[in-house]
Amino acid sequence: MFARENHISLARRTLPQETYPQLCVNEMEADLSDFNIDAPRWDQCTFLGRVKHFFNITDPRTVLVPERELDWAKVMVEKSRMGIVPPGTQVEQLLYAKKLYDSAFHPDTGEKMNVIGRMSFQVPGGMIITGFMLQFYRTMPAVIFWQWVNQSFNALVNYTNRNAASPTSVRQMALSYITATTTAVATAVGMNMLTKRAPPLVGRWVPFAAVAAANCVNIPMMRQQELIQGICVKDTNHNEIGHSRRAAAIGITQVVISRITMAAPGMILLPVIMERLEKLRFMKKVKVLHAPLQVTLSGCFLIFMVPVACGLFPQKCKLPVSYLEPELQDTIKAKYGELVPYVYFNKGL
């Protein structure tokens with residue numbers, strides 16, 4: 001599939017936009033009359049199906065796709081939804097367009113997300129920050145700087161991947177950012193001081209403890225409006241039927257767990273690996289390579305852990321009406337009776 005995508009992508013970069021539908025000239029024209037571009041390619045009710053889905057849309061190579069190609073993908077997805085795709089369009093082209101669309105456009109608003117905030121940027125962005133956090137953990141200035149950089153990055157990712165149906169003011173974002181960053185730095189500095197006499201390996205785990213603690217603050221704070229006003233919940237036909245604070249709490253909790261899981265293997269196992277490697281005679285002679293090595297190894301962990309962590313819970317959550325706030329339950333039952341046993345909402349990433 002990747003080879004197929006690379007072939008199509010290369011062709012698009014060398015051909016005018018109007019020739020895109022004619023790329024597969026040697027294939028019979030596909031029957032797209034029953035094709036639903038929004039239908040998931042893999043079963044989203046299973047963990048493996050969700051992991052495959054997120055491997056697809058968090059592919060870090062999509063970060064390098066030109067703006068013109070992303071705009072083409074959005075047009076193709078919108079045309080497919082309306083059933084008016086250009087003649088000669090192949091299923092592979094639509095699947096590739098949907099991959100680009102899901103990686104770059106917000107599921108709630110359809111607006112293009114900033115590059116750094118996309119989940120497809122988690123591997124290149126996260127590997128650099130994580131690698132340097134693990135490498136430069138000994139001095140206080142380095143701890144403060146890299147924790148600040150990490151939480152700034154996380155705040156942008158959290159805001160970009162929020163449930164956009166709940167607007168957030170600039171004041172709230174600023175307060176959330178300051179609170180989360182302060183928590184991370186304070187945790188890292190405090191634990192560094194407590195572990196000064198501990199074995200070196202314990203000190204190497206301080207960055208993970210700070211990251212985990214900060215995630216418990218950063219995500220709820222950046223998405224506090226959802227907790228205050230509630231998150232938009234819909235029926236099976238995507239009709240909005242209210243806002244629920246309980247649904248928001250569930251979605252945000254799941255995102256916190258996913259983010260900590262995403263960071264855990266690399267930030268827990270990598271210090272053990274580096275502790276062993278740095279004792280080797282060869283590694284002692286090439287200390288300048290320690291940081292690049294940690295960055296590379298961090299990337300190796302993240303390239304698998306980003307889709308795995310994102311796939312822990314469905315992005316489109318299903319919640320029984322009986323779990324919602326009593327007043328919202330009454331509203332739904334008065335309007336729909338027993339016809340709506342479950343509600344659905346986008347928990348964000």
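Side chains are part of it too, since the values below use all heavy atoms of this structure and drop only hydrogens, waters and symmetry mates.
- No side-chain donor-acceptor contact under 3.5 Å links Gln151 to the backbone of Val149.
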Exercise for review: Please lay out, stage by stage, how Cys216 and Ile260 fare under the test side chain to side chain contact (heavy atoms under 4.5 Å, CB included).
Suggested key: CA-CA 9 Å; Cys216 294; Ile260 294 176; 4.1 Å; yes
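- Checking Ile241, Leu328, Asp235, Thr236 one by one against Val343, the side-chain contact (heavy atoms from CB on, under 4.5 Å) holds for a single residue, Ile241.
- By the rule that hydrophobic residues join a cluster once side-chain heavy atoms approach within less than 4.5 Å of another member, Ile250 and Ile228 end up as members of separate clusters.
- Annotation for Ile144: atom CD1 counts as buried by contact number, over 12 foreign heavy atoms lying within 6.0 Å.
- By the 30° and 60° cut-offs, the orientation of the rings of Phe145 relative to Trp148 is tilted.
- Between the CG atom of Leu134 and the NE2 atom of His290 there is a distance of 14.0 Å, given to the nearest 0.5 Å.
- Linking ILVMFWY side-chain heavy atoms closer than 4.5 Å, directly or via other members, places Val306 and Phe208 in a single hydrophobic cluster.
- No side-chain N or O of Thr58 forms a donor-acceptor pair with one of Gln122 less than 3.5 Å apart.
- Between the side chains of Asn114 and Thr160, at least one donor N or O lies within less than 3.5 Å of an accepting N or O.
- Checking Glu69 against Tyr96 by side-chain atom types alone, a donor-acceptor pair falls below 3.5 Å.
- The shortest side-chain heavy-atom distance between Phe345 and Lys316 does not fall under the 4.5 Å cut-off.
- Taken together through direct or relayed side-chain contacts under 4.5 Å among Ile, Leu, Val, Met, Phe, Trp and Tyr, Trp205 and Val211 form part of one hydrophobic cluster.
- The shortest side-chain heavy-atom distance between Leu293 and Met283 falls under the 4.5 Å cut-off.
- Ile84 shares a hydrophobic cluster with Met82; the chain of contacts runs through ILVMFWY side chains whose heavy atoms sit under 4.5 Å apart.
- Going from atom NZ of Lys79 over to atom CD1 of Ile37 covers 12.5 Å, rounded to the nearest 0.5 Å.
- For Gln329, there are no side chain to side chain donor-acceptor pair (under 3.5 Å) partners two or more places apart in sequence or in a different chain.
- Met274 has its side chain within reach of Leu270: a pair of non-hydrogen atoms, C-beta onward, lies under 4.5 Å apart.
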task: Show your reasoning for whether side chain to side chain contact (heavy atoms under 4.5 Å, CB included) applies to Leu269 and Phe301.
output: CA-CA 10 Å; Leu269 297 179; Phe301 278 103; 4.0 Å; yes
Just do the side chain to side chain contact (heavy atoms under 4.5 Å, CB included) check on Lys112 and Lys74 with the steps written out, would you?
CA-CA 9 Å; Lys112 190 182 297 179; Lys74 183 176 183 180; over 6 Å; no
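- Residues Val157 and Met119 form a side-chain contact, since some pair of their non-hydrogen atoms from C-beta on lies under 4.5 Å apart.
- Closest approach of Tyr101 and Val77 over heavy atoms only: CB-CG2, 3.7 Å.
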So Glu327 and Arg245, salt bridge (Lys or Arg N to Asp or Glu O under 4.0 Å) or not? Walk me through it. CA-CA 12 Å; Glu327 59 272 18; Arg245 293 183 296 277; 3.6 Å; yes
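- Applying the ring-ring contact (aromatic ring centres under 6.0 Å, His included) rule to pairs touching residues 110-134 yields Phe132-Phe136, Phe132-Trp146, sequence neighbours excluded.
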* Take Tyr342 and Val321 through the test side chain to side chain contact (heavy atoms under 4.5 Å, CB included) and record every step on the way to the result. => CA-CA 5 Å; Tyr342 297 95; Val321 169; 5.7 Å; no
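- Annotation: side chain of Pro207 is not in contact with side chain of Thr130 (no heavy-atom distance under 4.5 Å).
- Here the straight-line distance linking atom CD1 of Ile252 with atom CD of Gln254 works out to 11.0 Å at 0.5 Å rounding.
- No side-chain heavy atom of Cys310 sits under 4.5 Å from any side-chain heavy atom of Arg50.
- Both Ile129 and Ile219 belong to a single network of hydrophobic side chains, linked directly or stepwise wherever heavy atoms of I, L, V, M, F, W or Y lie under 4.5 Å apart.
- Arg259 places no side-chain N or O within 3.5 Å of a backbone atom of Asn215 that could act as its donor or acceptor partner.
- Using a 4.5 Å heavy-atom cutoff, the side chains of Val123 and Phe304 are not in contact.
- In this structure a side-chain-to-backbone donor-acceptor pair under 3.5 Å is missing from Ser244 to Leu324.
- Interatomic distance, His243 NE2 to Cys232 SG, rounded to the nearest 0.5 Å: 4.5 Å.
- One finds the CG atom of Leu48 at 9.5 Å from the CG atom of Asp43 (value rounded to the nearest 0.5 Å).
- The environment of Tyr323 atom OH is sparse: at most 12 non-hydrogen atoms of other residues, nucleotides or ligands sit within 6.0 angstrom.
- Under the 4.5 Å side-chain heavy-atom criterion for grouping Ile, Leu, Val, Met, Phe, Trp and Tyr, Trp42 is not connected to Phe313 through any hydrophobic cluster.
- With Glu325 contributing its side chain and Arg246 its backbone, the two residues share a donor-acceptor pair below 3.5 Å.
- Side-chain contact check for Lys98 versus Ile57: every heavy-atom pair is 4.5 Å or farther apart.
- Note that CG of Leu70 and OG of Ser103 are 6.5 Å apart. Values are rounded to the nearest 0.5 Å.
- Among Arg118, Lys52, Lys99, the one residue that satisfies the salt bridge (Lys or Arg N to Asp or Glu O under 4.0 Å) test with Asp59 is Lys99.
- Judged by the 6.0 Å distance and 45° axis criteria, Lys234 is not positioned over the aromatic ring of Tyr344.
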